[in-house]
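Single-structure report; data block below.
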Amino acid sequence: MKFSLNVDHVAFLRNARAEENPDPVTFALMAEQFGIDGIVVHLREDRRHINERDLRLLREQLKTKLDLEMAAVQEIIDIACDVQPDLVTLVPEKREELTTEGGLNVIDNLELIKNAIERLHQENIPVSLFIEPDITQIDVSAEINADFIEIHTGVFANTQTEEEMFDELEIIRQAAKHAKKLGLGVNAGHGLNYQNIKEFIAIKNIDEVSIGQAVIARAVFVGLEKAIKEMIELINK
Ligand code: PXP
């Protein structure tokens, strides 16, 4: 299982003072040195975290993989086509939300998402759809030629009892297996942390996890190198 680090929170901290520090690009380059497999950023319509300068510098300087999370809106699709990330992950986006609140409803937004995939494919950019671990959503994602799905793990992360957690893990396990059978790549993320990753790694068929909050928060206390290496150790167990 690979591990990509989401650095949006670093940009959020920088933007709090409208100054230059901490620079999410420098942070991402350091994270690469410490062994992560890729960097994830969400270019939001309101630019509350990273901005175009960050995105273009990341594209120029990253040696691993750049995964651009974004809404399927024309302005951002145009930027993605120009910047050429290694992967685009389409996510739902609401202005009022603190963070992405759930998976895309691919069925209700079929034409919009299908058109976005087609446009990005014209530029040879692979596309992942951030969805719930739901068999119908997975089937439709495959039908409209998504390359990957990213399974939303927020429900799993928020479970209150062991029983609920194992039920949710089973749902994710079945979803990942089904997606693989259809030839989709399978990523996962949201709310994964140093505790729940220990159970999560038992799931087969997950290519990559995308983690932000837990690792950035830990880095505040112990430094980035230790925070990353601790997570890599748990993932590789
Ligand atoms: N994957 C997606 C699609 C997300 O929107 C987020 C949150 O930005 C993450 C993964 C990472 O979630 P977290 O910050 O809770 O680790």
Side-chain angles (χ1 to χ4, degrees), residues 1-13 15 24 27-28 31 36-50 54-55 58 65-73 76 80 85-106 113 116 126-134 137 141 146-159 168 172 175-176 179 185-198 200-201 206-220 224 227-228 230-232 234-235:
M1 203 181 272
K2 291 186 173 171
F3 161 36
S4 275
L5 180 69
N6 180 313
V7 297
D8 288 334
H9 285 305
V10 181
F12 199 57
L13 193 56
N15 298 352
F27 197 89
I36 50 122
D37 298 298
I39 291 291
V40 187
V41 287
H42 184 170
L43 185 67
R44 284 181 171 263
E45 282 186 276
D46 64 9
R47 307 291 196 275
R48 74 168 82 146
H49 327 113
I50 67 141
D54 303 329
L55 185 65
L58 285 169
K65 196 185 88 182
L66 176 61
D67 175 359
L68 173 61
E69 284 181 19
M70 52 177 263
V73 295
I76 312 284
D86 300 297
L87 180 69
V88 157
T89 299
L90 294 177
V91 299
E93 188 174 305
K94 291 190 220 131
R95 282 196 179 233
E96 327 73 76
E97 69 193 356
L98 288 177
T99 180
T100 314
E101 284 170 351
L104 274 175
N105 190 331
V106 186
I113 297 171
V127 182
S128 178
L129 303 181
F130 182 58
I131 58 173
E132 300 298 325
D134 176 284
Q137 296 283 347
S141 301
D147 305 281
F148 284 79
I149 56 162
E150 179 178 332
I151 296 177
H152 175 232
T153 51
V155 177
F156 158 75
N158 286 329
T159 51
E168 200 53 40
I172 295 173
V186 183
N187 298 335
H190 207 90
L192 296 176
N193 60 38
Y194 292 85
Q195 279 73 44
N196 61 27
I197 196 74
K198 293 177 194 158
F200 195 78
I201 51 163
I206 306 269
D207 296 306
E208 184 166 302
V209 285
S210 161
I211 308 178
Q213 164 84 23
V215 176
I216 306 294
R218 181 113 183 101
V220 171
L224 182 59
I228 287 177
E230 283 175 359
M231 185 55 85
I232 290 175
L234 290 172
I235 290 172

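For clarity, every value in this text was computed on a predicted model and none was experimentally measured. Ligands are counted one by one from 1 in listed order, and the atoms in each one are counted from 1 as well.
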Sub-4.0 Å atoms of ligand 1 with respect to non-hydrogen atoms of [X]:
{"X": "Ile211", "value": "16 (O)"}
{"X": "Val91", "value": "3 (C)"}
{"X": "Asn6", "value": "8 (O)"}
{"X": "His190", "value": "4 (C), 6 (C), 7 (C), 10 (C), 12 (O), 15 (O)"}
{"X": "Gln213", "value": "13 (P), 14 (O), 16 (O)"}

_Check against salt bridge (charged side-chain N to carboxylate O under 4.0 Å, His left out), Asp46 and Arg44_ = CA-CA 5 Å; Asp46 64 9; Arg44 284 181 171 263; 5.1 Å; no
*Does ligand 1 have any atom sitting under 4.0 Å from a heavy atom of Thr89?*
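Under 4.0 Å: no for Thr89.
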*Take every heavy atom of His42, measure it against each atom of ligand 1, and state whether any distance is under 4.0 Å.*
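The answer is no, since His42 has no heavy atom less than 4.0 Å from ligand 1.
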*Test ring-ring contact (aromatic ring centres under 6.0 Å, His included) applied to Phe200 - qualifying residues, sequence neighbours left out*: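 Once residues adjacent in sequence are excluded, the partners of Phe200 under the ring-ring contact (aromatic ring centres under 6.0 Å, His included) criterion are Phe156.
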_For Tyr194, ring-ring contact (aromatic ring centres under 6.0 Å, His included) partners two or more places apart_ = none
*Is the His9 ring parallel, tilted or perpendicular to the His49 ring (thresholds 30°, 60°)?*
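If you compare the ring of His9 with that of His49, the planes turn out perpendicular.
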*State, without any angle test, whether Glu208 and Ser4 hold a side-chain donor-acceptor pair at a distance under 3.5 Å.*
yes
Does any N/O atom on [X] come nearer than 3.5 Å to any N/O atom on ligand 1?
{"X": "Glu150", "value": "yes"}
{"X": "Gly191", "value": "yes"}
{"X": "Gly212", "value": "yes"}

_Whether Glu168 side chain and Thr159 backbone form a donor-acceptor pair below 3.5 Å_ = no
